[in-house]
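Down below is the structure, laid out as structure tokens.
From a predicted model like this one, the values you see are computed outputs, not experimental measurements. Order of the sequence lines fixes the chain letters, A, B, ..., with proteins taken first and strands second; residue numbering starts at 1 for each chain.
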Number of protein chains: 2
Amino acid sequence: MSDASGLMTEEAPQTTGKRRQIRPKAERRQQLIDATIRCIAQHGLSKVTMQMVTSEAGLSVGIANLHFQSKDNLLKETLRFVAEEYHGGQIKIMEGSDMPDLGQRLDALLDFQLGRGVTQRQKMSVWFAYYGEAGARPVYQKIVSTVDRLAAQKLEALFSDIIKEGEYQGVDARELATGYSSLIDGLHLGLLVTPRELTKRRARAVARDFLRRAFPQHIS
Amino acid sequence: MSDASGLMTEEAPQTTGKRRQIRPKAERRQQLIDATIRCIAQHGLSKVTMQMVTSEAGLSVGIANLHFQSKDNLLKETLRFVAEEYHGGQIKIMEGSDMPDLGQRLDALLDFQLGRGVTQRQKMSVWFAYYGEAGARPVYQKIVSTVDRLAAQKLEALFSDIIKEGEYQGVDARELATGYSSLIDGLHLGLLVTPRELTKRRARAVARDFLRRAFPQHIS
DNA sequence: ACCCAGAATGAATGGATATTCATTCCGATG
DNA sequence: CATCGGAATGAATATCCATTCATTCTGGGT
């Protein structure tokens with residue numbers, strides 16, 4: 001639930017010992033999901049094969065079907081994992097009763113959304129690979145919109161609190177929340193597709209600007 | 001170069017006459033590209049096959065390779081078509097010397113970006129299907145970023161003019177332009193993936209809000 | 001009316017890939 | 001230490017799909 005770290009050099013195809021190992025089901029599942037993420041990022045969703053994924057994970061071909069029944073299901077579970085990791089992280093920050101200052105909480109949110117963890121190319125690739133198929137696959141739409149809705153509600157609530165605290169006039173929390181999350185999504189897209197023109201630094205500045213224009217007292 | 005219309009009921013698998021017809025190369029190419037767009041929208045990029053595309057176009061399997069050499073190339077050309085249609089439309093409006101009022105030009109741009117033509121599910125699906133693969137396929141990145149860069153420049157120029165005309169203070173045209181196009185991209189994503197939560201009407205309101213906050217004198 | 005360049009066809013080919021399952025082997029248990 | 005449930009393997013299978021090309025047919029030119 002909180003790995004979010006390695007993913008890069010996790011499974012060096014063990015040069016030393018190739019002895020067969022038995023590991024708990026949950027661990028194997030995660031191993032395969034991580035490998036799937038790497039494969040999608042490197043080769044694109046449409047080019048991913050089971051052989052690719054299992055060998056990336058340092059395992060045999062049969063094992064994926066043992067733990068996930070089918071390729072389709074493996075892909076579905078991978079999307080669920082990425083979606084929950086992203087939205088879970090956001091929600092934790094937004095609820096963050098440990099961070100009483102609302103402006104500070106906004107900052108933390110922005111850091112998370114455009115910081116290292118989320119904007120690693122790997123994760124973004126996966127994210128948008130699925131978005132691309134979502135139009136044709138209701139299953140994907142459902143997975144994403146389920147977690148998305150909750151995050152949207154939390155964001156709206158946070159904005160509402162900020163509006164109340166700052167006594168901002170003529171601002172609609174709901175509309176602003178939609179705008180902000182759309183902006184973040186769009187920035188992610190830009191970082192992925194035109195990294196030459198949009199740096200992470202500039203993406204942050206743009207998002208911060210949006211917030212500053214809406215909540216001038218809360219953003220320095 | 002300006003079709004942008006039908007695409008829906010174009011090629012009814014002719015129930016009446018199935019007589020073979022010879023048509024100019026350009027026409028067949030467009031027919032196949034249109035069919036590809038429909039197939040991607042309906043089945044997803046990763047599930048599209050040559051059979052699917054050619055039968056959707058009401059043609060035989062061999063013809064795609066005759067006109068496009070390979071599936072890869074057909075997909076590439078389809079992306080190029082969609083990208084050019086979208087960005088070309090934007091650029092035409094932004095340059096629009098026929099529309100002297102800058103605020104009006106902004107409105108027209110927004111209408112185009114979130115109006116019927118562009119936000120048809122079909123086109124959006126295609127758009128994001130390719131974005132999803134762009135991380136792994138430099139060819140796609142190149143096609144998109146080429147047209148994208150030009151549109152970004154025009155938008156920045158338009159914003160510059162508006163800033164000058166309105167004597168707005170403390171606003172950076174470049175940053176604002178990045179923000180605006182990212183916002184539009186994000187809204188498109190929302191319309192595609194969570195159509196239940198984000199209507200076209202609301203998407204427009206959100207985008208308009210962004211512009212109003214930046215250029216209050218130019219947007220009613 | 002006839003011809004023929006080349007557009008269009010679709011059966012055949014070969015390569016790739018998801019999925020199965022008989023077999024192997026680990027390691028917890030008593 | 002011997003046993004055995006079930007985790008792991010990977011060769012084999014069946015399916016699917018892009019691409020080819022020998023053949024058919026069309027329609028403009030003469």
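A straight line from NZ of A/K25 to P of D/dG5 spans 19 Å, rounded to a whole angstrom. As a whole-Å value, the separation of A/F68 CZ from C/dA18 P is 15 Å. One can place CD of B/E27 at 14 Å from P of C/dA7, the figure rounded to the nearest angstrom. For the pair B/D72 CG and D/dC17 P, the computed distance is 16 Å after rounding to whole Å. Here C/dC26 presents its C1' atom at 15 Å from CG of A/L66, a figure rounded to the nearest Å. Counting to the nearest Å, the C1' atom of C/dC26 and the CZ atom of A/R19 are 7 Å from each other. A straight line from CD of A/Q69 to C1' of C/dT20 spans 14 Å, rounded to a whole angstrom.
The nucleotide whose nearest atom lies closest to any side-chain atom of B/I22 is, among C/dT9, C/dA7, D/dA8, C/dA7. Listed nucleotides D/dT26, C/dG10, D/dT20 differ in distance to B/N65; the shortest reach to its side chain belongs to D/dT20. For A/I63, the listed nucleotide lying nearest its side chain is D/dA8; candidates were C/dT9, C/dA18, D/dA8.
Expressed to the nearest 0.5 Å, how far CZ of A/R149 lies from NZ of A/K154 amounts to 14.5 Å.
Contact annotation: A/H67 side-chain N/O to D/dA7 OP1/OP2 distance is not under 4.0 Å. For D/dG10, neither phosphate oxygen OP1 nor OP2 lies less than 4.0 angstrom from any side-chain nitrogen or oxygen of A/R20. Note on A/R28: a side-chain N or O is less than 4.0 Å away from OP1 or OP2 of D/dA8.
Checking B/S70 against A/G62, the closest nucleotide of DNA chain D that is more toward the 5' end is the one next to A/G62.
Shown for residues 39-54 of chain B: no residue has heavy atoms falling under 4.0 angstrom of DNA chain C.
The aromatic rings of B/F210 and B/Y180 sit tilted, their planes meeting at an angle between 30° and 60°.
In terms of the side-chain hydrogen bond (donor to acceptor under 3.5 Å, both in side chains) criterion, B/T194 has no residue partners (sequence neighbours excluded).
The shortest distance between side-chain heavy atoms of B/T178 and B/L155 does not fall below 4.5 Å.
Taking the centre of each ring, B/Y130 and B/Y140 come in below the 6.0 Å mark.
Nearest heavy-atom pair, A/A134 versus A/Q141, reported as atom, atom and distance to 0.1 Å: O-NE2, 3.1 Å. Smallest separation of non-hydrogen atoms from A/A207 and A/L114: CB-CD1, 4.0 Å.
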